[in-house]
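These notes concern the structure reproduced below.
Each ligand, and each atom within it, is numbered from 1 in the order the structure gives. Here the structure is a predicted model, which means the values were calculated and not measured.
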Amino acid sequence: MLSGLDPSGGAGIQADIQAITALGCHPLPILTCLTVQDTCNVYDASAVDADLIRRQLDRVAADAPIHAIKTGALGNAEVVDVLVEFLHRNADIPVITDPVIKAAGGGDLADAALIQAMKEHLFSCAEMITPNGIELAMLGDSDDPAEAAQRLMAAGCQSVLATGGHGEGPQITNTLFTHHADPLQWQIERVGGEYHGTGCTLAAAIAAGRAAGLSQRAAISQAQNFVNHAILHALEVGRGQPVPDRGIPWER
Ligand code: PLP
């Protein structure tokens, strides 16, 4: 996966490594940016050199089979360009893209050039993007999730999993929009509260399921159950949002 470092250990690369490991896969972690962050918010971020990332991708891919790729915070537009160029050369790998724009506390994790590069070049390489409600409205330019998802798919997205964790009500509704079928919905009981790194955990868990050979639907179902379990055991790490415990034993 490609994601950023959150030194509070809630989101980003640590979330990905823990989720992917818990689901029985071996992560190949490529760090895209370093953030200044605690459990309350993101205060700053600095991208890793894109050429270093290109060389890491090429080395790792030449050495080991890659069964799925999860992308999270990507640092800057140059990193997206390097990744897209790699994906064009490796088009058979399923890519799950969490289009990270802002931290839950409101801090920015993407500038306008990065958002444009994701929309114009990366999304069409991904088999699924997993925006939360805020990201979906921004990326699809509409407050109506179905309309926003349709716009993104018209622009080249293969499928959009609109996540409802940031909404309200006793149930979380996640909706998968695809070109081929009516939208598919999952309802999960809402635990309540805001947690740090749930979007990262969900997308990484979906990628792990795909890497293990599950269908998209089965990978989404498994990932939702995994996130729910981790939230039920969330850790009070700092003064801000609790961190889902991805290390707690979990039965698949
Ligand atoms: N990646 C990094 C490095 C982050 O710091 C954050 C948020 O703080 C995210 C991704 C997004 O986290 P999520 O979408 O899980 O809330």
Side-chain angles (χ1 to χ4, degrees), residues 1-20 22-23 27 29-48 53 69-76 79-80 83 95-111 114-115 118 122-123 126 128-139 160-167 172 174 188 190-191 193-208 220 223-224 226-231 234-235 237-246:
M1 72 284 199
L2 294 94
S3 26
L5 177 74
D6 164 11
S8 80
I13 205 133
Q14 179 161 324
D16 295 350
I17 291 174
Q18 290 179 324
I20 290 167
L23 292 175
I30 292 188
L31 199 56
T32 54
C33 63
L34 303 171
T35 69
V36 178
Q37 179 168 191
D38 56 23
T39 56
C40 303
N41 207 349
V42 172
Y43 308 99
D44 202 359
S46 177
V48 172
I53 292 176
I69 293 178
K70 180 259 169 171
T71 72
L74 289 169
N76 63 26
V79 175
V80 176
L83 171 61
V95 179
I96 308 298
T97 286
D98 182 13
V100 176
I101 297 175
K102 276 181 187 295
D108 283 325
L109 284 159
D111 62 14
L114 171 51
I115 295 171
M118 287 197 295
L122 176 60
F123 289 176
M128 192 191 303
I129 69 167
T130 63
N132 62 33
I134 299 158
E135 290 159 349
L136 181 58
M138 275 182 78
L139 293 166
V160 177
L161 180 67
T163 65
H166 295 279
I172 291 174
N174 293 337
I188 310 116
R190 186 184 297 281
V191 177
E194 290 279 327
Y195 300 86
H196 202 65
T198 50
C200 306
T201 308
L202 181 75
I206 295 171
I220 292 169
Q224 290 173 161
F226 178 74
V227 172
N228 184 254
H229 182 75
I231 285 175
L235 306 165
V237 172
R239 287 174 294 113
Q241 297 177 328
V243 170
D245 188 355
R246 295 160 289 245

### Query
How far is atom 5 (O) of ligand 1 from its nearest protein heavy atom, and which residue and atom is that?
Gln37 NE2, 2.6 Å
#### Entry: Exam field: side chain Thr163 to backbone Pro131, donor-acceptor pair closer than 3.5 Å
yes
### Message
I'd like to know if the side chain of Thr35 reaches the main chain of Leu5, judged simply by a donor and an acceptor atom lying under 3.5 Å from each other, with no hydrogens or angles considered.
### Response
yes
### Query
Of Gly197, Ser8, Gly165, which has the heavy atom at the shortest distance from atom 16 (O) of ligand 1?
Gly197
#### Entry: Thr97 side-chain N/O to Thr71 backbone N/O, donor-acceptor pair under 3.5 Å
no
### Query
Between the main-chain N or O of Thr39 and the side-chain N or O of Arg239, is there a donor-acceptor pair closer than 3.5 Å?
no
### Summary
Contact region, Cys200 to ligand 1, non-hydrogen atoms below 4.0 Å, reads both
### Task
Check for a donor-acceptor pair, side chain of Asn76 on one end and backbone N or O of Val79 on the other, with a separation under 3.5 Å.
yes
### Close side-chain approach of Lys102 to Glu135, heavy-atom, < 4.5 Å
no
### Atoms of ligand 1, numbered as shown, that sit under 4.0 Å from any heavy atom of Gly12
1 (N), 2 (C), 3 (C)
### Query
Going by the atom numbers of ligand 1, which of them fall below 4.0 Å from some non-hydrogen atom of Thr198?
15 (O)
### Task
With heavy atoms of Ala73 as the reference, note each atom of ligand 1 found under 4.0 Å away.
1 (N)
### Winner among Leu109, Val36, Thr130, Leu34 once heavy atoms are compared against atom 6 (C) of ligand 1
Leu109
### Proximal ligand 1 atoms for Asp98, defined as those under 4.0 Å from one of its heavy atoms
14 (O)
### Query
Does an N or O from Val100, backbone or side chain, lie closer than 3.5 Å to an N or O of ligand 1?
no
#### Entry: Test item: Asp16 side-chain N/O and Ala19 main-chain N/O as donor-acceptor pair under 3.5 Å
no
### Task
Classify the contact between Thr201 and ligand 1 as side chain, backbone, both or neither, using a heavy-atom distance cut-off of under 4.0 Å.
neither
